[in-house]
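These numbers come from the heavy atoms of this one structure, side chains and all, not from hydrogens, waters or symmetry mates. Counting starts at 1 for both ligands and their atoms, in listed order.
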Amino acid sequence: MKRIKAIYPGSFDPPTNGHLDLIERGSKIFDELVVAILRNPEKDPLFSLADRRKMLEAMTSGFDNVSVDTFEGLTVDYALRVEATTILRGIRAISDYEYELQMALMNRKLQPGLETVFMMPAEKYSYLSSRLVREVAQLGGSIACLVPELVAQKLREKIDVAHKFENGDPAAGQTPSEGKSKSRKKKS
Ligand code: PNS
């Protein structure tokens with residue numbers, strides 16, 4: 001019988017409960033699912049690739065058919081390399097659709113043999129995005145129920161260190177001016 005291997009590509013900066021919800025759904029319909037974290041040299045992520053990988057590995061350890069990997073370059077090339085036939089992407093609301101459709105059609109143009117499958121996360125995650133989680137966490141809001149506890153913990157640690165840099169805490173290894181100039185720019 002034909003086995004279906006899918007990849008779930010994304011930035012996962014950080015991974016959220018919405019991502020986990022989609023991974024769980026994907027693991028039920030695909031024989032194998034690879035969560036593929038994009039290494040994007042043009043972006044300045046909050047979490048390193050290694051951190052994101054560790055978080056996702058911990059989050060998905062309970063799924064036998066889910067693995068985590070990283071990739072660079074085109075998603076379609078990566079999919080071919082790992083012999084996946086399907087790309088999984090989540091659609092939360094109609095506003096996601098236009099971008100996702102464009103991407104799916106471009107991927108189809110590049111590699112007609114690959115199919116994109118869209119799945120919807122649970123409604124309670126329909127407003128959830130990594131960008132908003134980063135913003136809420138950085139501004140001191142509660143992110144409980146939005147990300148797994150291990151991710152919340154990592155976010156708290158990151159934000160603590162960033163505040164120490166900004167305040168020129170010698171323990172953080174920088175002067176106030178260095179801390180300010182090196183503090184992270186807010187991302188869109
Ligand atoms: O989590 P994100 O940031 O929405 O994921 C976007 C991602 C990684 C799926 C997309 O940017 C991507 O596939 N990038 C790899 C480069 C590529 O293949 N570009 C052409 C896409 S049509």
- request: Answer with side chain, backbone, both or neither: which part of Leu38 has a heavy atom less than 4.0 angstrom from an atom of ligand 1?
  value: side chain

message: Test your reading of the model: is there a side-chain donor-acceptor pair from Asn17 to the backbone of Cys145, 3.5 Å cut-off?
response: yes

- prompt: By number and element, which atoms of ligand 1 are closer than 4.0 Å to a non-hydrogen atom of Thr75?
  reply: 12 (C), 13 (O), 14 (N), 15 (C), 17 (C), 18 (O)

message: Taking side-chain contact (heavy atoms from CB on, under 4.5 Å) as the criterion, tell me which of Asp31, Val34, Thr86 meets it with Lys5.
response: Val34

query: Under 3.5 Å, is there a donor-acceptor pair between the side chain of Arg92 and the main chain of Pro121?
result: no

- line: One finds that the ligand 1 atoms under 4.0 Å from a non-hydrogen atom of Gly73 are 15 (C), 16 (C)

task: Provide, to 0.1 Å, the distance between atom 10 (C) of ligand 1 and the closest protein heavy atom, together with that atom's residue and name.
output: Met103 SD, 3.8 Å

task: Flag Ser11 as yes when one of its N or O atoms lies below 3.5 Å from any N or O atom of ligand 1, and as no otherwise.
output: yes

Nearest-option assignment for atom 7 (C) of ligand 1, heavy atoms, candidates Met106, Arg89, Arg131, Glu100: Arg89

field: Sub-4.5 Å side-chain heavy-atom contact between Leu155 and Leu46
entry: yes

query: Where the side chain of Asp51 meets the backbone of Phe47, is there a donor-acceptor pair that is under 3.5 Å apart?
result: no

query: Using a heavy-atom cut-off of under 4.0 Å, does the side chain or the backbone of Gln102 touch ligand 1, or both, or neither?
result: neither

message: Give me the residue, atom name and distance of the protein heavy atom closest to atom 20 (C) of ligand 1.
response: Leu74 CD2, 4.0 Å

query: Looking only at side chains, do Gln102 and Glu98 share a donor and an acceptor under 3.5 Å apart?
result: no

- request: List every atom of ligand 1 that sits less than 4.0 Å from any heavy atom of Asn107, numbering the atoms from 1 in the order shown and giving each element.
  value: 21 (C), 22 (S)

- request: May I ask you to check whether over 12 heavy atoms, not counting those of Met120, lie within 6.0 Å of atom CE?
  value: no

